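This structure is a prediction, so every number in the text was calculated from the model and none was measured.
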Amino acid sequence: MDCTINQIRFVFSALILCCFCTLSRGTELRFVTCGSVVKLLNSKHNVRLHSHDVRYGSGSGQQSVTGVTTVDDSNSYWTVRGKSNTVCQRGAAVKCGQAIRLTHVNTGRNLHSHRFSSPLSSNQEVSAFGDEGEGDLLDDWTVLCAGEVWEREEAVRLRHTATDALLSVTGEQYGRPINGQREVHAMPQASQHNFWRVMEGIFMKPSLQQLRTSSAQLHSEL
């Protein structure tokens with residue numbers, strides 16, 4: 001079963017406190033796995049995907065999602081999970097073309113989009129939605145990448161599964177109460193504005209059984 005949000009927060013806090021649980025530079029995984037807690041950087045605008053308990057004053061009125069230049073803000077951590085009503089085994093590599101959810105660690109709401117207009121650019125609004133990690137089908141995003149799996153060093157696009165719009169930043173800045181933060185929205189056009197890279201995080205290692213399964217699949221393909 002998927003971990004509850006409280007369990008995810010506990011594990012995340014424990015891993016931060018216990019440095020021996022993190023992966024050393026020489027042994028870190030080169031791909032993104034389910035259950036990992038990550039920060040995502042928009043490559044064009046150099047801002048990290050962020051959320052907080054501040055709601056939009058227009059549109060859906062849901063929790064806002066923004067981009068921030070700050071590197072060490074804990075409100076920029078997201079947990080990689082399986083798509084709605086689907087279990088993604090912890091440590092399993094996320095495949096290119098796979099639908100996932102990104103759950104905001106500090107508030108337990110999922111990255112979400114819908115047909116409301118975003119407040120600054122009038123593109124498609126992106127929000128954080130749900131309760132304790134459970135929302136609806138509009139929380140699903142498909143990972144668009146070049147190979148078999150989502151490589152950590154690769155810039156990828158995230159396509160909203162229900163509307164086909166791409167998670168994007170085009171540089172618009174908010175005023176108070178989130179002065180200087182960038183608008184995050186979704187838009188249909190593929191461009192440099194919708195590339196994202198994994199940055200800081202804690203990456204769940206595959207189990208021995210998962211490694212054996214992957215090896216067996218590779219041999220069968222060869």
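- The closest side-chain heavy-atom distance from Asn110 to Leu138 is not below 4.5 Å.
- Using modelled atom types, no side-chain atom of Arg81 and backbone atom of Val87 make a donor-acceptor pair closer than 3.5 Å.
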Inset, instruction - Using the side-chain contact (heavy atoms from CB on, under 4.5 Å) rule, take Leu167 and Trp141 through it: C-alpha gap first, then chi angles, then the decisive distance, then the call. - result: CA-CA 9 Å; Leu167 186 69; Trp141 298 81; 3.9 Å; yes
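- Two residues are said to be in side-chain contact when any heavy atoms from C-beta on lie closer than 4.5 Å; His185 and Val65 fail this criterion.
- Between the side chain of Ser64 and the backbone N or O of Val54, at least one donor-acceptor pair lies under 3.5 Å.
- For the atom pair CG (Leu40) and OG (Ser76), the distance works out to 9.5 Å, reported to the nearest 0.5 Å.
- Of all the heavy atoms in Val198 and Phe203, the pair that sits closest is CG1-CZ, 3.4 Å.
- Note: His114 NE2 to Gln124 CD = 7.5 Å, rounded to the nearest 0.5 Å.
- Between the Thr79 side chain and the Val105 main chain, no donor and acceptor come within less than 3.5 Å of each other.
- A salt bridge links Glu200 to Arg48: at least one charged side-chain nitrogen sits closer than 4.0 Å to a carboxylate oxygen.
- Evaluated for a side chain to side chain contact (heavy atoms under 4.5 Å, CB included) with Val94, the options Val149, Val80, Val156, Thr33 yield exactly one hit, Val80.
- Here the shortest heavy-atom pairing between Ser121 and Glu172 reads CB-OE2, 3.5 Å.
- Contacts classified as ring pair (Phe, Tyr, Trp, His ring centres under 6.0 Å) and involving residues 32-71 (residues at least two apart or in different chains) are given here: His45-His193, His50-His52.
- Atom CZ of Arg157 is separated from atom SG of Cys96 by 13.0 Å, given to the nearest 0.5 angstrom.
- No donor-acceptor distance shorter than 3.5 angstrom exists from the side chain of Asp73 to the backbone of Thr70, with no hydrogens or angles considered.
- Contact annotation: the side chain of Asn42 never approaches that of Asn194 to less than 4.5 Å [non-hydrogen atoms, C-beta and beyond].
- Across His112, Lys83, Arg101, a single residue satisfies side chain to side chain donor-acceptor pair (under 3.5 Å) together with Asp139, and that is His112.
- Tracing side-chain contacts under 4.5 Å through hydrophobic residues (I, L, V, M, F, W, Y), one never reaches Trp196 starting from Leu166; they form parts of separate clusters.
- Here the SG atom belonging to Cys145 is positioned 8.5 Å from the CH2 atom belonging to Trp150, to the nearest 0.5 angstrom.
- For Gln173, the side chain to side chain contact (heavy atoms under 4.5 Å, CB included) partners at least two apart in sequence or on another chain are Arg182.
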Inset, instruction - Output, in order, the C-alpha distance, side-chain angles, deciding distance and verdict of side chain to side chain donor-acceptor pair (under 3.5 Å) for Ser117 and Glu125. - result: CA-CA 5 Å; Ser117 295; Glu125 184 189 274; over 6 Å; no
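- With sequence neighbours excluded, no residue forms a ring-ring contact (aromatic ring centres under 6.0 Å, His included) with Phe195.
- You'll find the side chain of Thr170 reaches within 4.5 Å of the side chain of Met187, heavy atoms only.
- Applying the salt bridge (Lys or Arg N to Asp or Glu O under 4.0 Å) test between Arg197 and each of Glu151, Glu154, Glu153 identifies Glu153 as the sole match.
- Under the 4.0 Å criterion applied to side-chain N and carboxylate O atoms, Glu134 and Arg109 are not assigned as salt-bridge partners.
- Here the straight-line distance linking atom NE2 of His160 with atom OG1 of Thr163 works out to 5.0 Å at 0.5 Å rounding.
- A 4.5 Å side-chain heavy-atom check between Leu102 and Leu158 finds at least one atom pair inside the cut-off.
- Looking only at side-chain heavy atoms (C-beta outward), Lys44 and Ser191 stay at 4.5 Å or farther from each other.
- Distance alone, capped at 3.5 Å, is enough to place a donor-acceptor pair between the Lys39 side chain and the Val71 backbone.
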Inset, instruction - Any chance you could lay out the side chain to side chain donor-acceptor pair (under 3.5 Å) test for Ser84 and Asp140, step after step, and finish with the verdict? - result: CA-CA 7 Å; Ser84 301; Asp140 294 345; 2.9 Å; yes
Inset, instruction - For side chain to side chain donor-acceptor pair (under 3.5 Å), just list the numbers for Glu183 and Ser118, CA-CA rounded to whole Å, side-chain angles, deciding distance to a tenth of an Å, and then say yes or no. - result: CA-CA 8 Å; Glu183 179 184 86; Ser118 61; 3.3 Å; yes
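- Counting only heavy atoms from C-beta outward, the side chains of Leu49 and Trp78 approach each other to under 4.5 Å.
- Shown here for Val47 and Gly67, the closest heavy-atom pair between the two residues is CB-C, 3.8 Å.
- To the nearest 0.5 Å, the span separating CG on Asn106 from CG on Asn75 amounts to 4.5 Å.
- In this structure, the side chains of Gln98 and Ile100 come closer than 4.5 Å at one or more pairs of heavy atoms.
- The number of heavy-atom neighbours closer than 6.0 Å to CG of Asp164, taken from other residues, nucleotides and ligands shown, is above 12.
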Inset, instruction - Output, in order, the C-alpha distance, side-chain angles, deciding distance and verdict of side-chain contact (heavy atoms from CB on, under 4.5 Å) for Val38 and Met199. - result: CA-CA 7 Å; Val38 301; Met199 301 300 288; over 6 Å; no
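- Under the 4.5 Å side-chain heavy-atom criterion for grouping Ile, Leu, Val, Met, Phe, Trp and Tyr, Val143 is connected to Leu29 within one hydrophobic cluster.
- Across all non-hydrogen atoms, the minimal contact from Gln62 to Ser127 is OE1-OG, 2.6 Å.
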